[in-house]
K.L.:
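Could you have a look at this structure, given as C-alpha cells, before my questions?
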Amino acid sequence: MFVLLDKDNVILHISETLTQDSGGNYVVDSGTLAFAPSCVDHTAEVESVPDGVCAQQYTYDGTSFAENANYTVPQSETEKLQAQIDDVMDAMIELAGLIGG
C-alpha cells in the first residue's frame with residue numbers, strides 16, 4: 001500500500017498502486033487517478049493501513065497513523081445556508097438597533 005502525503009504529513013490518498021508518469025505526476029489506483037507533483041510533498045509505502053484510516057482525516061509520520069488534529073467535518077449545504085441566514089439575521093438586528101428600530 002502507498003500513501004500520498006502533504007507537507008504536514010496529512011494523507012491525501014491511499015492506493016495499492018503508485019507510479020510516476022513522464023510529467024512527474026503521481027499515478028495511483030491502477031492508473032485511473034493522478035496527482036500533480038505540486039500537490040504531493042512525499043509518499044510512503046506501508047505494509048497495511050488500519051481500518052478506518054482515510055484521506056484528510058489522518059496523518060502518517062513514517063511510523064504510525066494518527067488522527068489529523070486539524071481536520072474539521074465539512075458542513076453540508078444546508079448547514080452553510082443556515083449559518084448565512086443566521087449571519088444576515090444578526091446583521092439586521094444590529095442595524096435595527098443602530099437606526100432606532
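As the structure is a computational prediction, the values presented were derived from the model and not from experiment. Positions are given from 1 along the sequence.
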K.L.:
For atom CD of Glu67, decide whether the heavy atoms of other residues, nucleotides or ligands shown that lie under 6.0 angstrom number more than 12.
P.N.:
no
K.L.:
Does Thr59 reach the side chain of Asp8, with side-chain heavy atoms less than 4.5 Å apart?
P.N.:
no
K.L.:
Does the ring center of Phe65 lie less than 6.0 Å from the ring center of Tyr60?
P.N.:
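Yes, they do, as the ring centres are separated by less than 6.0 Å.
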K.L.:
List the residues meeting side-chain contact (heavy atoms from CB on, under 4.5 Å) with Thr17, not counting sequence neighbours, and say none if there are none.
P.N.:
Ser15, Ser30
K.L.:
Are His42 and Asn9 close enough, and set up right, to give a side chain to side chain donor-acceptor pair (under 3.5 Å), and what steps lead you there?
P.N.:
CA-CA 8 Å; His42 56 287; Asn9 290 329; 2.9 Å; yes
K.L.:
Less than 4.5 Å apart, side chain to side chain, heavy atoms only: is that true for Phe2 and Glu16?
P.N.:
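No; the side chains remain at least 4.5 Å from each other.
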K.L.:
For the pair Asp61 (side chain) and Thr63 (backbone), establish whether a donor and an acceptor sit closer than 3.5 Å, ignoring hydrogens and angles.
P.N.:
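Yes, Asp61 side chain to Thr63 backbone: donor-acceptor pair under 3.5 Å.
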K.L.:
Spell out, as yes or no, whether a donor-acceptor pair under 3.5 Å connects the side chain of Asn68 to the backbone of Gln56.
P.N.:
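A pair under 3.5 Å: yes.
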K.L.:
Hey, is the main chain of Ser76 close enough, under 3.5 Å, to the side chain of Glu79 for a donor-acceptor pair?
P.N.:
yes
K.L.:
Find out if a path of hydrophobic residues (ILVMFWY) with successive side-chain heavy-atom gaps under 4.5 Å connects Leu81 to Val88.
P.N.:
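Yes; Val88 is reachable from Leu81 via cluster members.
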K.L.:
Find out if a path of hydrophobic residues (ILVMFWY) with successive side-chain heavy-atom gaps under 4.5 Å connects Val46 to Ile11.
P.N.:
yes
K.L.:
At what distance, to the nearest 0.5 angstrom, does CD1 of Ile85 lie from NZ of Lys80?
P.N.:
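Between atom CD1 of Ile85 and atom NZ of Lys80 there are 14.5 Å.
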K.L.:
Side-chain contact, heavy-atom cut-off 4.5 Å: Leu12 with Leu5?
P.N.:
no
K.L.:
By the ring pair (Phe, Tyr, Trp, His ring centres under 6.0 Å) test, which pairs, at least two apart or in different chains, include something from residues 72-91?
P.N.:
none
K.L.:
For Ala91, check side-chain contact (heavy atoms from CB on, under 4.5 Å) against everything at least two apart and list the hits.
P.N.:
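Ala91 satisfies side-chain contact (heavy atoms from CB on, under 4.5 Å) with no residue once adjacent residues are dropped.
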K.L.:
Specify the closest pair of heavy atoms between Pro37 and Gly24, including all atoms of both residues, with the distance to one decimal.
P.N.:
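For Pro37 and Gly24, the tightest heavy-atom pair comes out as CG-O, 3.5 Å.
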K.L.:
Which residue is it: Val3, Leu33, Leu18? I am looking for the one with a side chain to side chain contact (heavy atoms under 4.5 Å, CB included) to His13.
P.N.:
Leu33
K.L.:
If two hydrophobic side chains count as joined below 4.5 Å and joins carry through other members, does Tyr26 share a cluster with Met1?
P.N.:
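Not linked; separate clusters.
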K.L.:
Roughly how far, to the nearest 0.5 Å, is the CD atom of Gln82 from the CE atom of Met89?
P.N.:
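So the CE of Met89 and the CD of Gln82 are separated by 10.0 Å.
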